[in-house]
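Just so you know, these numbers use all the heavy atoms, side chains as well, and skip hydrogens, waters and symmetry mates.
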Amino acid sequence: MTTTPHNSMTHDLEVMHAEIVEGTREEPPYFSRLGRRYRRWKKDNDKQAQRISRLRRQAGGLDPVVYEQPYGAAKDRGFTGNGSGFAAVVSGPQEWQTTTNLACGFNPNVVGAPSPVIGTPLGRHLLTGTDVACDALAWFREGIIANPSAFILSLPGLGKSTLIRKMLMGHVAQGQVPIIAGDIKGEYVGFTEQVGGQVITLGHGHGTLNPLDAGALGSVVPIMEAHRETLEGDEAREFDELLERTKEQVHGRQVTMVTALVGLGRKGPVADWESMLISVALRELYATGAFSWDDPPILQDLIDHLEAGGDELRHKGRARSNEQWDARIDELALSLNALMDGAVGRIFAGKTTTPIDVNATAVCIDVSAVDRGDDAVKAAVMMSCWSAAFGSIEASHLLADAGLGRQRYFAATLDEMWQILSAAPGLVSRIDALTRLNRTDGTALYEITHTSKDMEALPTEEDRKTAMGFIERAGMVITGGLPVEELDKLTGKLSFSPAEAQMITSWSKGAPPKRSRTRGSKATPPGRGRFMIKPSKDGSPGIPIQTVLFPTELEFGLHDTNKRFEGFFTEGEVPA
């Protein structure tokens, strides 16, 4: 066997290196030819040893395969190295659409394409173009959602109120009664008039509301009393119990309403004995026979009776002289007088101008005339509106329970919820109770606001936690255009796929700046009328829709909330 000079030289260097390591030989001089050759051989040999060690580690301790080359570290676009599959340019993934029957178990991060036509027609599916219909009661009846309620979030000017008005129009068509108790901006007045409903206007110089009027709940008592005269035996005794509960319910609403208004005016608590005196005084007023359940007393009657101070009142108030009685009721009488003519003006000074009609196709209590900058007035009026509205709902249910009317269903709407929540701490608790009991009350609930920051801006920590729970308890959540940080906050309560999140954030962008030269060609924000319906919170795909307005809606301008700007929009137009 012939040895090549290169192999012989390598062998000699290996022998020399072993002798140097053993200490039997000195290392050759640094600048000699042999020394330079030895250092070059040693450097190459160290690199090879390191490579073999690395391969052995990657192979779990096994000896490396001959000529095996390791891959480099994984990068964003693959592994570097020869034959490692590195991609210099990454193209978009191929998209496919199929049914869940044909692609069972396939669940990537895509936008769902269900298109239910159940309930009120709203528009078209953004991806498939098919029709989509939705409202809380219809979806609750079909079992799609477990609670007949919806929470709507979207930036201003993207069509939240339009979407809800379309749903409410569907409720009217199905024989259900929308109730907008406290229309702060007057956006539902035109809709209510169009469907032949009842519009009640409240504000300074725009009608009065009697806090002692329990709404339609008091008006059903005479109807039930007339029906009682036709009953006998056990049936009559059972009906007497229902009639007595109804009277106590009306009485409780009156006491609660007056106490709440006094507390708002004082910006502090009302003593328990003050509530007791109000309750006793109201019972005595009805006992005189001067008032009836459908013709209740007004605040002035209550004040006069408290100041007169009957024997029972003085006994309950532990007043043994006129001086003690005057001292006992001074603060209460002052607070009640402030409701007659104070910050709230004359809104509560008199009988209710327009009582709620239980049989109306829709009810809208317009409070747009109330000063928006006065939180105390706004809170007092809103609480009164809600008391009257839910009194009418309870009245309808009582008539149905007594067999004196058909069972009716309602759709309560809380638009501009940020204003309602901030008006008074008591309203947050009232809405919280409604979100928990709306199934029992046979009522759908629509809660509408801009972002979750509206709930985080409430004054107390308790109110903030309670308000954030509205989203969790809603049967479905509908989101319009929202910024990225808002989606991050909602992540703990809703699950959005990357495609859904990209859609929602793209809808929050403004329209491109341009000048329109023809009538009707104004720039439109890309998210106007676009919404994502999330019927569940377990990560199921949402339903992206584009709201479509029907010719009748356009003809009557039911959804035009920019009427104040109509003249401004037409200024400076170039004639065709």
> side-chain hydrogen bond (donor to acceptor under 3.5 Å, both in side chains) with Glu27: which residues, sequence neighbours excluded?
Replying inline: none

>> Among residues at least two apart in sequence or on other chains, which ones pass side chain to side chain contact (heavy atoms under 4.5 Å, CB included) with Ala271?
In response: Trp273, Glu274

> Partners of Thr120 by side-chain hydrogen bond (donor to acceptor under 3.5 Å, both in side chains), sequence neighbours excluded?
Replying inline: Asp135

>> Nearest 0.5 angstrom please: Leu122 CG to Ile543 CD1, how far?
In response: 10.0 Å

> Gln546: what forms a side-chain hydrogen bond (donor to acceptor under 3.5 Å, both in side chains) with it, not counting sequence neighbours?
Replying inline: Arg530

>> Once side chain to side chain contact (heavy atoms under 4.5 Å, CB included) is applied, do any residues pair with Val15, and if so which ones, sequence neighbours excluded?
In response: His11, Glu19

>> For Lys534, give me all partners under salt bridge (Lys or Arg N to Asp or Glu O under 4.0 Å), at least two apart in sequence or on another chain.
In response: Glu500

> Who are the side chain to side chain contact (heavy atoms under 4.5 Å, CB included) partners of Ala411, not counting sequence neighbours?
Replying inline: Leu168, His171, Ala444, Tyr446

>> If we ignore hydrogens and angles and just use 3.5 Å, is the side chain of Trp507 paired with the main-chain N or O of Phe531 as donor and acceptor?
In response: no

>> Suppose we screen for side-chain hydrogen bond (donor to acceptor under 3.5 Å, both in side chains). Which residues come up paired with Asp366, at least two apart in sequence or across chains?
In response: Ser368

>> Please enumerate all residues that pass side chain to side chain contact (heavy atoms under 4.5 Å, CB included) together with Pro28, with sequence neighbours excluded.
In response: Met16, Ile20, Ser32, Leu34, Tyr38

> If only atom types and distance count, is the side chain of Arg165 paired as donor or acceptor with the main-chain N or O of Glu187 below 3.5 Å?
Replying inline: yes

Identify each donor-acceptor pair in which a side-chain atom of residues 476-484 lies under 3.5 Å from a protein atom, sequence neighbours left out, and give them as a table.
none

